[in-house]
Amino acid sequence: MNNGQKDVNRMIQSTKMGDRKKWKSLNGKDFNIYTPIALVVICLIWFVSAHIADNPFLFPTLESVLLKTIDSLRDMYVLRNIGITLRRVLTGTLYAFMIGLPIGLVMGYSNKILRAFAPFINSLRQIPIMAWVPLSIVWFGLGDGPTIFMIAFSGIFTIILNTIAGVQDISKDYYHAARSMGANTLDIITDIVVPGALPGVITGVRLAIGMGWMSVI
């Protein structure tokens with residue numbers, strides 16, 4: 001057997017080992033058995049309770065909901081509206097990311113800027129999202145504009161706060177090491193702040209998408 005064939009066999013064996021590891025993670029100690037059990041229990045309670053109540057208008061049965069869900073997923077009108085909603089959510093989240101990311105990076109990096117802008121950020125994010133509905137209609141008219149604004153506004157503060165937390169979690173040793181090697185502020189931001197804050201940024205974006213779905217009106 002030549003060296004090339006040995007390499008191929010090693011790759012095949014490593015792939016099989018990886019598959020075994022994945023299978024073990026699905027049925028081993030890392031597998032979360034409680035979620036499917038809870039789902040089955042909830043479905044059973046729903047099924048029994050709905051049939052005992054015997055009032056489809058107030059308490060529809062599980063099977064009727066599943067059938068209607070399947071019918072809706074085959075309806076192009078429903079799918080088209082789901083696509084429109086998804087586009088609005090992603091667009092609003094993108095705007096929130098474009099605005100919130102630089103603000104969060106700067107506020108997390110500079111304590112002076114953080115103290116200067118924190119009162120305004122905290123004041124704005126305390127305003128209920130529905131209070132902005134009349135103003136958003138006045139500013140953007142009817143259509144996608146107000147909805148995208150509401151989605152972006154609901155997610156921007158989440159991205160800012162999580163980005164600030166991500167920047168502040170970076171160890172000061174990285175800054176000291178970079179400055180000792182002659183790095184300037186721009187180098188520190190691009191090579192330390194931005195990569196180090198990515199976990200917080202990703203968390204903020206995930207939460208912003210969830211809040212965007214709740215803001216769709």
Side-chain angles (χ1 to χ4, degrees), residues 30 32 34-35 38 82-181 183-217:
D30 295 330
N32 183 12
Y34 301 105
T35 299
I82 292 175
I84 293 173
T85 302
L86 181 61
R87 175 178 57 82
R88 291 174 175 175
V89 171
L90 294 179
T91 303
T93 305
L94 178 61
Y95 285 136
F97 175 77
M98 294 171 60
I99 298 172
L101 178 63
I103 295 176
L105 290 175
V106 173
M107 292 179 66
Y109 180 72
S110 174
N111 287 328
K112 293 181 180 179
I113 297 178
L114 177 62
R115 289 196 297 267
F117 283 92
F120 301 100
I121 298 296
N122 290 327
S123 298
L124 286 175
R125 72 187 186 92
Q126 302 301 327
I127 301 175
I129 190 65
M130 297 305 296
W132 293 96
V133 173
L135 285 176
S136 64
I137 295 175
V138 172
W139 291 338
F140 302 101
L142 299 176
D144 290 347
T147 303
I148 294 175
F149 169 78
M150 301 287 288
I151 294 170
F153 192 85
S154 64
I156 187 171
F157 300 108
T158 302
I159 295 177
I160 291 175
L161 295 177
N162 282 275
T163 303
I164 293 174
V167 174
Q168 293 181 343
D169 285 341
I170 301 174
S171 175
K172 299 298 182 183
D173 295 335
Y174 293 106
Y175 298 111
H176 299 327
R179 291 193 179 97
S180 66
M181 291 184 287
N184 55 29
T185 302
L186 182 60
D187 294 331
I188 292 175
I189 292 176
T190 56
D191 296 333
I192 297 177
V193 175
V194 175
L198 279 180
V201 174
I202 294 173
T203 301
V205 172
R206 291 174 58 188
L207 294 175
I209 293 175
M211 296 180 69
W213 279 106
M214 292 188 293
S215 302
V216 174
I217 55 175

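All residue numbers in this chain count up from 1 along the given sequence.
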How far apart are the closest heavy atoms of [X] and [Y], and which atoms are they?
X    : Y    : result
P146 : G141 : CG-O, 2.7 Å
L114 : M107 : CB-O, 3.3 Å
I159 : V205 : CG1-N, 4.2 Å
A96  : G155 : CB-C, 4.0 Å
G196 : P199 : O-CD, 3.5 Å
I189 : P195 : O-CD, 4.4 Å

Find the distance between [atom1] ([X]) and [atom2] ([Y]) and round it off to the nearest 0.5 Å.
X    : Y    : atom1 : atom2 : result
F153 : I127 : CZ    : CD1   : 6.0 Å
L124 : F117 : CG    : CZ    : 11.5 Å
I202 : N162 : CD1   : CG    : 11.0 Å
I113 : L105 : CD1   : CG    : 11.0 Å
D169 : I164 : CG    : CD1   : 12.0 Å
L207 : T158 : CG    : OG1   : 6.0 Å

- [ ] Not counting sequence neighbours, which residues clear side-chain hydrogen bond (donor to acceptor under 3.5 Å, both in side chains) with T35? List them please.
- [x]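 Here the qualifying residues are N32.
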- [ ] Could I get the full list of side-chain hydrogen bond (donor to acceptor under 3.5 Å, both in side chains) partners for S154, not counting sequence neighbours?
- [x]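 Applying side-chain hydrogen bond (donor to acceptor under 3.5 Å, both in side chains) to S154 gives S215.
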Task: Worked check of side chain to side chain contact (heavy atoms under 4.5 Å, CB included) between I188 and Y109 - done: CA-CA 10 Å; I188 292 175; Y109 180 72; 4.1 Å; yes
State whether the number of non-hydrogen atoms from other residues, nucleotides or ligands found under 6.0 Å of [X] atom [atom1] is greater than 12.
X    : atom1 : result
F140 : CZ    : yes
F157 : CZ    : yes
L142 : CG    : no

- [ ] With the side chain counted from C-beta on, respond yes when R125 and L161 share a heavy-atom pair under 4.5 Å apart, and no when they do not.
- [x]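 Of all side-chain heavy-atom pairs linking L161 with R125, at least one is under 4.5 Å.
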Open item on the list: Is there a side-chain contact between I148 and Y95 in this structure, where contact means two heavy atoms from C-beta onward sitting under 4.5 Å apart?
Closed with: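 Heavy-atom side-chain distance check passes, below 4.5 Å.
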- [ ] Kindly determine whether M214 and I129 satisfy side chain to side chain contact (heavy atoms under 4.5 Å, CB included), including the steps that lead there.
- [x] CA-CA 10 Å; M214 292 188 293; I129 190 65; over 6 Å; no
TODO: Return each pair, listed once, that meets side-chain hydrogen bond (donor to acceptor under 3.5 Å, both in side chains) where at least one residue sits in residues 188-212; pairs must be two or more places apart or across chains.
DONE: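 Applying side-chain hydrogen bond (donor to acceptor under 3.5 Å, both in side chains) to every pair that reaches into residues 188-212, excluding sequence neighbours, yields nothing.
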Open item on the list: For the backbone of V133 and the side chain of S136, can you confirm whether one donor and one acceptor N or O come within less than 3.5 Å of each other?
Closed with: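 Confirmed, S136 side chain pairs with V133 backbone.
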Open item on the list: For the backbone of A177 and the side chain of S180, can you confirm whether one donor and one acceptor N or O come within less than 3.5 Å of each other?
Closed with: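 Looks like yes, one N/O pair under 3.5 Å.
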Open item on the list: Show, in sequence, the C-alpha distance, side-chain angles and deciding distance for L101 and V201, and conclude whether the side chain to side chain contact (heavy atoms under 4.5 Å, CB included) test is met.
Closed with: CA-CA 7 Å; L101 178 63; V201 174; 3.7 Å; yes
Open item on the list: Parallel, tilted or perpendicular, judged at 30° and 60°: which one describes the rings of W139 and F149?
Closed with: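 W139 and F149: perpendicular rings.
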